[in-house]
Amino acid sequence: MGPLSRDVWAQRLGAFRASPSAFMAGPEAEDLGRDLLGDLRNEKLSEQTKVSLLALSLEYPAQLWPDATAAEVAATSLLDTLVLLPPRPSALRRPLLLAATTALAVGGALGPTSGASCRLLPLLLGLAAGSDLGRGFVPASEQRPLQATACECLRELESCKPGLLGGSLGLLRGLLGQEGPVQPLSLLLSLALRNTLVLQSRAGAGLGALLTARVSPTAGGPWDWALVEEGDGRLQPQAPSWPAAEEGDGERSLTARGHSPEEVRELRAAVAQLLDTSYLLTPVAQAQLLWLLGWALRGLQGQPPALFKPQLVRLLGTAQLTLLHAVLALKAAFGEALFTAQDETLLLRRITLAAQHPALPPSTHLFYLHCLLSFPENCPLGPEGEEAAPLLLGPQLCRGLLPNLLHEPTALLARLHLLCLLCAEDEEEEEKGQLPSPGHYLEELLAGLWQRAALEGGPRALATLCFQASYLVARCLAGQPTVLTPLIHGLAQLYRARPMLAPHFVDLLDQVDPELREPLKVVLRQEVVSRPGRDEALCWHLQMLARVADGDAQSATLNFLRAAAAHCTSWDLQQGLLQVCRALLRAGVGGGLVDLLQVLARQLEDPDGRDHARLYYILLAHLAGPKLGVALGPSLATPALASSLVAENQGFVAALMVQEAPALIRLSMGSHEVKGPLPVLQLLPEALEPIYSLELRFRVEGQLYAPLGAVHVPCLCPGRSARPLLLPLQPRRPAPARLDVHALYTTSTGLTCHAHLPPLFVNFADLFLPFPQPPEGAGLVFFEELWDSCLPEGAESRVWCPLGPQGLEGLVSRHLEPFVVVAQPPTSYYVAIHLPPDSKLLLRLEAALADGVPVALRTDDWAVLPLVGDYLRGLAAAV
Amino acid sequence: MAQRAVWLISHEPGTPLRGTVRFSRRYPTVEKRARVFNGASYVPIPEDGPFLKALLFELRLLDDDKDFVESRDSCSRINKTSVYGLLVGGEELWPVVAFLKNDMIYACVPLVEQTLSPRPPLISVSGVSQGFELLFGIQDFLYSGQKNDNELNTKLSQLPDLLLQACPFGTVLDTNLQNSLDNTNFASVTQPQKQPAWKPGTYKGKPQVSISITEKVKSMQYDKQGIADTWQVVGTVTCKCDLEGIMPNVTISLSLPTNGSPLQDILVHPCVTSLDSAILTSSSIDAMDDSAFSGPYKFPFTPPLESFNLCYYTSQVPVPPILGFYQMKEEEVQLRITVNLKLHESVKNNFEFCEAHIPFFNRGPITHLEYKTSFGQLEVFREKSLLIWIIGQKFPKSMEISLSGTITFGAKSHEKQPFDPICIGETAYLKLHFRILDYTLTGCYADQHSVQVFASGKPKISAYRKLISSDYYIWNSKAPAPVTYGSLLL
């Protein structure tokens, strides 16, 4: 493909960005990477278009150049393009450097044997050092931005290959001391220093030498591929997560080896140099520097963290999220060594203040609140990793952090958590000051939440918030009856006010510990069963009862169900009712349930419902308790179906979810019956396992017949012969057809299954019906009248019908007997067949020879002629 | 510390997708590290389409909450921060930092440099705060001085280039995108001296320093036994320093009159070089006493080029500027209201404007109104069920004004009257809106003579002050009202 115009590129890039995967699956995918590299040198394209091409390569190098070889080629091409730029200012140099770096790093091509790497690295280091690269390679106006960019590229390469710049530490320090750009060099040096400290403690190279050596960037190259090897190419976390780092072997090894006084002095000097100029960095970059240096020096012998102290007051005064977060990281890294008890208090107060300062945005408040509850204390009590209020954070400090109803959901939950933690402590200490009791405040807050959730027409988010709050309280204060009792009471009231929240209650019961679950179940059951059974909210009551019904309060539950049964007129209500019965069955309720199930098996309108009721009745009457449990318990193969798929408005519950299953039934065709006004298929079902409530559904391909009704079978058992099933057909045209068959049935474990059975074929002859029998002796006249009526609209034909050994007489008696109108055995038969819906077929079989008989035929429907021909010719072969 | 990807999504209620990805940027080198660090728990960054859908679902912005959906509504899915786990393609992408502001959703995914299972605490992930700051920076850039959609679109189109400067490889270098924009313009400047990274160039021109103090006062007044009224002042000091030289030094002092209310909870801009420990420790968390530090509050700093917020503070003034009560009673088919407002004598009685907004929630439009005021005029917004009492520039000599009346409402229509979960029944509030120029409630001022500037030339120094109301609520004292824990402290 030749060079593409700007518009074509814009369109192509747009299509790619809309869905990279779809684009890459398309026809243009293959050429994209190549075209892009080629057009970067196309002089007709504007710089702006080229920048957008490079932007794409910065985001999607893995799609453009998927393997190391392609990445190497791409990086080489990008570097060539860079070298070929005319010596005037250009917007392309920066993105070209970034793109070459990205291609090498992402494609996995970076290494000592890669030609592109060996070109890029010295170029970057040369640019970073501000060296004169000759031939006007860098226009003066671009020198500083490119110097910064080169540092960024090196930093990225060092991040992907830790240790790479181990040999350049001295050079970078020297540059930082001169007039180099402070921020890029500081960040690069601190990262390289950190990685070297981690790796070199394994390698054993002298740190002091590294920090002071000045390598000329143009000579052989300071690339420490050996140090990279040492790290096994393992990435080094630049800011490790603190609890995990405690156990990390990489961190431990830092302390394993002491440093000589010389090395320690050099290291201190390097760190002090970095910290002294940190004020010149942007706040986010300052934070990065502190994370890197803090974790680099942590645990290093002879390196007191006092170096950081002069920075802290300045940092503590700011509102910058990144800076306070970095101070917290230093706190976690050094603990008491950097923060005395008083310092710790000050830090805690600053975070507390920031968590509620009206000048900061809400998401910042929430993050600081999280930091408070995960505060790295000098002397932590309690298990690590769990959120808890720090010891120093008493109710007095928390006053401004407690929730109220005006808060957004996230803020309310975060603050509620704090309130719960305070309540838990309050309970332990019983030290009442002048402050109002947190427990009392919590109670009022929950009451407000319940009240809001109970509002008719309120959004679901309010209900969700209310249940999340209830769950949080239950989890934090599980052991406190003074909290749980009002909680249960409040929830019961909420249910009374708004039963449509039943799914939330069921979910809550599933999530909470038994301490709340059991008493809450009792109260909610009472709420439900004390109502008359004909509530508008009956479906919610049934859903709730299916979760809370158990062996207790049987008679009240059964009374409620009996009353409700009369109002369960729709399918979903009936299913809801049966779910409760099922729950009772599993809970081992006998007695009254038997009667109820018997009533349901007779009364329910829906056959499926009746069948289930009957099944439950049979199970209850015939199985002992433990077996019943197994029969009703969720099948081991499908445990995940429990509760999560329950769709509230349908009332399906796990076991009644229809599941795809292999066919446990075989269907075969029985003999062809010819009586009545319609052709009827006889089907012989055979089950491989006991199945219940079988419903067979048929679909005619091509709409040749009217839609077929379903066939129901209450029960099928393997080995027991079943009665044939009759399937009447209503052809719209006299033609054979294929029937798709689906089966819906219940297994003995109570699961409802759906299976696709092999198709059934309806033959042409299956549609044959006899004409009404003419009076004795009038047969010939009747036949001749029919014969004559076929023409002129119809068709006449002659077909040779081969005869087998049984001769004409045998053939007719086997296949055509019911349709014979006039017979003069063994030589002549007149046959009249009614083809539904309203066609006729008349056959004269006369003057048979040894191997066949000529058949004269007439029909009023010419379309059936080929079918008749096939039929007659196949008769001899058919047994 | 790095980000794996950044998105800007406009929230568009009523459209089929409910939103559009306006900008996205992925960082493949960071993604490569994420794959290694996260190991078996690695979840790749999804394409924009699936991400949009999953984020809107998680933020409850799809407006399809008719049914209970466990993955969203389960009581155990509790989010206590603006960091989310998104279900994408059956896997959970975490941590996704996201927030909604002005119908724009800002989102990014920070790199976590370890396995995600079990999830490390957020506090230990350095990229989270970096991600927040990047998003705040983008938000500031998009909405600073922006007036209309065209300007927003222009700024959005500048984002790819700006992020190439401010965050080329996913590690944020500067959250001030305006700096990055200026950086390209200042590119030709070569400075021999150390130049701060947050100051892309130097100012040339007449030296001047402008300081403006804006105080916002908020209040919750209940007029009830057992519940204390609360109020608080929040101050912002904004500076613009046009001074020559790379790093000019400036010190600004904020002073209080003798009876002024001490400043507390002071947060400063990162360019402030040192802080008095009295400033660092004066906090509203502690019980107040007479020994509280009352200034002057000195802030030495090296100013950036742009206008910036030198510091924020709060203060607890002894009395609210306007004390009021509001009584509302339902009487058969109508509501009877009585409002009384009193301006405190110490407050400057010269408003730019002063209004009391009296909304009626969860009711129909106003059909009939009879009222009597001792002062000002009443505007009636019948369809919005809102009364606005325009008090004007001055309270009368008595400093006290009142309004009473009866109101009848029509039938409620759900489209025009959004549901309010707080103001149910007789629970109701009125909200005061006012502004007083050249005045602060704390008395705080920047003394022009105390501003020290160490730079060439004598700068012109100008100072401004104003007081604005914000969240100034007076609740119906005849019905329950939402209270804060602080209101229970008597």
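What you see is a predicted model, and the numbers here were worked out from it, not measured in a lab. Just so it is clear: chains get the letters A, B, ... in the order the sequence lines come, proteins before strands, and each one is counted from 1.
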Worksheet, complete the sentence: One option among Pro89(A), Pro61(A), Ala285(A), Cys371(A) has the most heavy-atom pairs under 4.5 Å with chain B, and it is Cys371(A)
Worksheet item: Taking Arg26(B) for the side chain and Leu58(A) for the main chain, is one N or O donor matched with an acceptor at less than 3.5 Å?
Response: no
Discussion item. Given heavy-atom pairs under 4.5 angstrom as the criterion, report whether the side chain, backbone, both or neither of Pro160(B) touches chain A.
Written reply: neither
Worksheet item: Given a strict heavy-atom distance threshold of 4.5 Å, which part of Leu323(A) is in contact with chain B: side chain, backbone, both, or neither?
Response: side chain
Worksheet item: Quick one: CE on Met247(B) to CG on Leu280(A), what's the gap to the nearest 0.5 Å?
Response: 5.0 Å
Worksheet item: Which atoms form the tightest heavy-atom contact between Gly107(A) and Lys32(B), and what is the distance?
Response: C-NZ, 4.4 Å
Worksheet entry | Lys218(B), part contacting chain A, at a heavy-atom distance under 4.5 Å | side chain
Worksheet item: chain B heavy atoms under 4.5 Å from Leu402(A): which part of the residue, side chain, backbone, both or neither?
Response: side chain
Worksheet item: Side chain, backbone, both or neither: which part of Ala55(A) has a non-hydrogen atom closer than 4.5 Å to chain B?
Response: neither
Worksheet item: Got a donor-acceptor contact below 3.5 angstrom from the His370(A) side chain to the Ile123(B) backbone?
Response: yes
Practice prompt. For the pair Gln320(A) (side chain) and Pro270(B) (backbone), establish whether a donor and an acceptor sit closer than 3.5 Å, ignoring hydrogens and angles.
Written response: no
Worksheet item: Using a distance-only test with no angle check, is there a side-chain donor-acceptor pair under 3.5 angstrom linking Asp507(A) and Ser74(B)?
Response: yes
Discussion item. Closer than 3.5 angstrom, by distance alone: can the side chain of Gln288(A) be matched with the main-chain N or O of Val172(B) as a donor-acceptor pair?
Written reply: yes
Worksheet item: Between Glu152(A) and chain B, which part of the residue has a heavy atom less than 4.5 Å away: side chain, backbone, both or neither?
Response: both
Discussion item. Let's test your reading of the structure: which of Val21(B), Thr281(B), Ile424(B) forms the most heavy-atom pairs below 4.5 Å with chain A?
Written reply: Ile424(B)
Discussion item. Does any backbone or side-chain atom of Leu281(A) lie under 4.5 Å from a heavy atom of chain B? Answer side chain, backbone, both or neither.
Written reply: backbone
Practice prompt. Pick one of side chain, backbone, both or neither for Ser277(B), based on which atoms fall under 4.5 Å of a heavy atom in chain A.
Written response: neither
Worksheet item: Which atoms of Thr484(B) come close to chain A, meaning under 4.5 Å heavy atom to heavy atom: side chain ones, backbone ones, both, or neither?
Response: both
Worksheet, complete the sentence: Max heavy-atom pairs within cutoff under 4.5 Å with chain A, candidates Val272(B), Leu122(B), Ile266(B), goes to Leu122(B)
Discussion item. Just by distance, no angles: are the side chains of Lys80(B) and His417(A) close enough, under 3.5 Å, to form a donor-acceptor pair?
Written reply: yes
Worksheet item: Side chain, backbone, both or neither: which part of Leu397(A) has an atom under 4.5 Å from a heavy atom of chain B?
Response: both
Worksheet item: For Tyr27(B), is it the side chain, the backbone, both or neither that has a heavy atom under 4.5 Å from a heavy atom of chain A?
Response: neither
Discussion item. Under a 4.5 Å cutoff for heavy-atom pairs, which residue among Ile78(B), Thr81(B), Leu111(B), Thr314(B) has the most contacts with chain A?
Written reply: Ile78(B)
Worksheet item: Taking Arg94(A), Gln286(A), Arg452(A), Gln451(A) one by one, which has the highest count of heavy-atom pairs under 4.5 Å against chain B?
Response: Arg94(A)
Worksheet item: Is the backbone N or O of Cys75(B) less than 3.5 Å from a side-chain atom of Gln468(A), with the two atoms forming a donor-acceptor pair by type?
Response: no
Discussion item. Shorter than 4.5 Å, heavy atoms on both sides: which option in Leu275(B), Leu164(B), Asp161(B) has the most such pairs with chain A?
Written reply: Leu164(B)
Item to complete: Among the options Thr318(A), Val106(A), Val284(A), pick out the one with the most heavy-atom pairs lying under 4.5 Å from chain B.
Response: Val284(A)
Worksheet item: Considering only heavy atoms, which portion of Arg349(A) lies under 4.5 Å from any heavy atom of chain B: side chain, backbone, both, or neither?
Response: both
Item to complete: Go through Glu47(B) and Ser21(A) one step at a time and tell me if the side-chain hydrogen bond (donor to acceptor under 3.5 Å, both in side chains) criterion holds.
Response: CA-CA 8 Å; Glu47(B) 292 188 359; Ser21(A) 61; 2.8 Å; yes
Discussion item. Can you tell me how the ring of Trp198(B) sits relative to the ring of Tyr279(A), calling it parallel under 30°, perpendicular over 60° and tilted otherwise?
Written reply: perpendicular
Discussion item. What part of Leu134(B) gets within 4.5 angstrom of chain A, counting heavy atoms only: side chain, backbone, both, or neither?
Written reply: neither
Practice prompt. Side chain from CB out, backbone as N, CA, C, O: work out which of these in Leu173(B) comes under 4.5 Å of a heavy atom of chain A, or both, or neither.
Written response: both
Discussion item. Counting only non-hydrogen atoms closer than 4.5 Å, does Val182(A) touch chain B with its backbone (N, CA, C, O), its side chain (CB onward), both, or neither?
Written reply: side chain
Discussion item. With heavy-atom distances below 4.5 Å as the criterion, would you say the side chains of Leu267(B) and Leu360(A) are in contact?
Written reply: yes
Item to complete: Identify which part of Pro20(A) has an atom lying under 4.5 Å from any heavy atom of chain B, answering side chain, backbone, both or neither.
Response: both
Worksheet item: Short question: side chain of Arg399(A), backbone of Ile285(B) - any donor-acceptor pair under 3.5 Å?
Response: yes
Fill in: Options Gly317(A), Ala319(A), Ala414(A), ranked by heavy-atom pairs under 4.5 Å with chain B, top entry
Gly317(A)
Discussion item. As an exercise: rank Thr236(B), Val483(B), Thr115(B), Asp48(B) by heavy-atom pairs under 4.5 Å with chain A and give me the winner.
Written reply: Val483(B)
Worksheet item: In terms of heavy-atom proximity below 4.5 Å to chain A, should Val128(B) be classed as side chain, backbone, both, or neither?
Response: side chain
Worksheet item: Do you know which two heavy atoms are closest between Glu156(A) and Thr171(B), and how far apart they sit?
Response: OE1-OG1, 4.5 Å
Worksheet item: Given the rule in the side-chain hydrogen bond (donor to acceptor under 3.5 Å, both in side chains) test, do Thr464(A) and Arg77(B) qualify, once you have shown the distances and angles that lead to the verdict?
Response: CA-CA 10 Å; Thr464(A) 302; Arg77(B) 277 185 62 89; over 6 Å; no
Worksheet, complete the sentence: The ring-ring contact (aromatic ring centres under 6.0 Å, His included) partners of Phe23(B) (sequence neighbours excluded) come to none
Worksheet entry | Residues Thr322(A) and Gln130(B): side-chain donor-acceptor under 3.5 angstrom | no
Practice prompt. Select one option (side chain, backbone, both, neither) describing which atoms of Leu401(A) are under 4.5 Å from chain B's heavy atoms.
Written response: neither
Worksheet item: So which part of Tyr441(A) gets closer than 4.5 Å to some heavy atom of chain B, the side chain, the backbone, both or neither?
Response: side chain
Discussion item. Which atoms of Glu31(B) are under 4.5 Å from chain A, going by heavy atoms: the side chain, the backbone, both sets, or neither?
Written reply: neither
Worksheet item: Are Ser76(B) and Arg475(A) close enough that a side-chain donor and a side-chain acceptor fall under 3.5 Å?
Response: no
Item to complete: Just give me the residue among Gly127(B), Cys271(B), Ser24(B) that pairs up with chain A most often, heavy atom to heavy atom, under 4.5 Å.
Response: Cys271(B)
Discussion item. I need the minimum non-hydrogen distance between Gln183(A) and Ala197(B), along with the two atoms involved.
Written reply: OE1-CB, 3.0 Å
Practice prompt. Can you tell which part of Leu455(A) gets under 4.5 Å to a heavy atom of chain B, answering side chain, backbone, both or neither?
Written response: side chain
Worksheet item: For Val512(A), is it the side chain, the backbone, both, or neither that has a heavy atom closer than 4.5 Å to a heavy atom of chain B?
Response: neither
Worksheet item: If only atom types and distance count, is the side chain of His357(A) paired as donor or acceptor with the main-chain N or O of Asp265(B) below 3.5 Å?
Response: yes
Worksheet item: Just by modelled atom types, is the Thr273(B) backbone N or O under 3.5 Å from a matching donor or acceptor in the Arg314(A) side chain?
Response: no
Item to complete: Select, from Thr282(A), Asn404(A), Leu366(A), the one with the greatest count of heavy-atom pairs under 4.5 Å involving chain B.
Response: Thr282(A)
Discussion item. Keeping Glu133(B) on the side-chain end and Leu321(A) on the backbone end, is there a donor-acceptor pair under 3.5 Å?
Written reply: yes
Worksheet item: Just by distance, with hydrogens left out, do Asn79(B) and Thr410(A) show a side-chain donor and acceptor under 3.5 Å apart?
Response: no
Fill in: Portion of Cys466(A) that has a non-hydrogen atom of chain B nearer than 4.5 angstrom
neither
